[in-house]
Amino acid sequence: MVAFAGWSLPVQYRDSHVDSHLHTRQLCSLFDVSHMLQTKIHGCDRVKLMESLVVGDIAELRPNQGTLSLFTNEAGGILDDLIVTNTSEGHLYVVSNAGCWDKDLVLMQDKVRELQNMGSDVGLEVMDNALLALQAQVLQAGVTDDLRKLPFMTSAVMEVFGVSGCRVTRCGYTGEDGVEISVPAVGAVRLATALLENPEVKLAGLAARDSLRLEAGLCLYGNDIDEHTTPVEGSLSWTLGKRRRAAMDFPGAAVIVPQLKGKVQRRRVGLTCEGAPMRAHSPILSTEGTVIGTVTSGCPSPCLKKNVAMGYVPSEYSRPGTQLLVEVRRKQQMAVVSKMPFVPTNYYILK
């Protein structure tokens, strides 16, 4: 167990980190991610509130559709990444990072008060639900809904293995076809126990979660993106809604939108190498030996049997196939800029 954001969280269970990682890829792992901040935004002006804080087009979300979005500041920096779902129950359901809990809550609450003072109809509720994440395939046996009708980034409320009032969202942080189940706290242990009765399902901790998301090319807030990286630098331009770009009406738009059209100084890229694994803070060098950037996350990939990482390099070095050097334990070794995800994702997308 480790202390994280005021919680005590499991790094690994009985199985080794690598065994747990491979079990997730081959069968199914259950992650307890109840530490995440879950909020509901109520009121007629809920979309207006959300769009005053994030870069995405929230108004265009269909009922029970969700999107990854970013809180940004006026300098264009990323305050957090979050998933916003437009529920058919008349509220927005928001999941953001535990490490940014206080910051995100103050940001949202301040904006709620500001809009309320201007006569807007908007309110915020912090949920005390637990949050369980695992692969979708093991869920069908415990629900009456047809999960084939729940594609990637959509959501529905249903009874799951006898626990009612669960919100099931088809999304995840491993690259697999996952669901996140927001479950009333009183039913969380009962649901987890029911899920673990399936012999394919094993509990997995933060170590496996980190290597899985890295193989999937997904960012960890505080490592790969932060207040000093913009969405364009972070290779997250796809989160910027088309209408929002045109209107330039999100925080930091004056910095971010010109970066879409012009040259951005640096970009987040994937890296692979043999030899010693790259880790956060490892220097990235040009083949001439000049330091040009830094690794932000790295680990040996259990699936690929080579080392994977992500980091920031100047734009001219960001093309896949570019040869670079990384410094690991004071020794330089060859690395190659690589496309992400490193391991193909299995999201359930209806064609």
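- For Thr174 and Arg25, the side-chain atoms include no donor-acceptor pair closer than 3.5 Å.
- Under 4.0 Å is where a charged nitrogen must lie from a carboxylate oxygen, and between Glu316 and Arg266 no such pair does.
- With sequence neighbours left out, the ring-ring contact (aromatic ring centres under 6.0 Å, His included) criterion links Phe152 to Tyr347.
- Looking at residues two or more places apart in sequence or on another chain, you find no ring-ring contact (aromatic ring centres under 6.0 Å, His included) involving His17.
- Contacts classified as salt bridge (Lys or Arg N to Asp or Glu O under 4.0 Å) and involving residues 138-150 (residues at least two apart or in different chains) are given here: Asp146-Arg148.
- In this structure, Asp32 does not pair ionically with Arg209, as no charged nitrogen and carboxylate oxygen lie closer than 4.0 Å.
- Between the side chains of Gln12 and Ser20, not a single donor N or O lies within less than 3.5 Å of an accepting N or O.
- Taking the charged nitrogens against the carboxylate oxygens, Asp57 and Lys242 have no contact shorter than 4.0 Å, which rules out a salt bridge.
- Checking side-chain atoms of Ser235 against main-chain N and O of Arg268 turns up a donor-acceptor pair under 3.5 Å.
- Classification of Arg167 and Glu89 as a salt-bridged pair holds, one side-chain N sitting under 4.0 Å from a carboxylate O.
- Cluster annotation: Val168 is connected to Leu30 through the hydrophobic network of ILVMFWY side chains, with a link wherever side-chain heavy atoms come within less than 4.5 Å.
- Every residue two or more places apart in sequence or in another chain that forms a side chain to side chain donor-acceptor pair (under 3.5 Å) with Thr169 is listed here: Ser155.
- Although no hydrogens or angles enter the test, the distance criterion places a donor-acceptor pair under 3.5 Å between the side chain of Asp121 and the main chain of Cys44.
- Panel note: side chain Gln116, backbone Val122; a donor-acceptor pair is recorded below 3.5 Å.
- The number of heavy atoms from other shown groups lying within 6.0 Å of CD (Gln140) is above 12.
- Under 4.0 Å is where a charged nitrogen must lie from a carboxylate oxygen, and between Lys103 and Asp80 no such pair does.
- For the side chain to side chain donor-acceptor pair (under 3.5 Å) test, residues two or more places apart in sequence or in another chain that qualify with Asp177 are Arg170.
- The pair Arg243-Glu51 meets the salt-bridge criterion, with a side-chain N (NZ, NE, NH1 or NH2) lying under 4.0 Å from an Asp/Glu carboxylate O.
- Checked against ring-ring contact (aromatic ring centres under 6.0 Å, His included), His42 has the following partners two or more places apart in sequence or in another chain: His91.
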- Please test Arg267 against Glu233 for salt bridge (Lys or Arg N to Asp or Glu O under 4.0 Å), starting from the C-alpha separation and ending with a verdict. CA-CA 4 Å; Arg267 285 191 185 277; Glu233 290 172 339; over 6 Å; no
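- Using cut-offs of 30° and 60° for the angle between ring planes, the Trp7 and Trp101 rings count as tilted.
- Using a 3.5 Å distance cut-off with no hydrogens or angles, the side chains of Gln38 and Ser182 do pair a donor with an acceptor.
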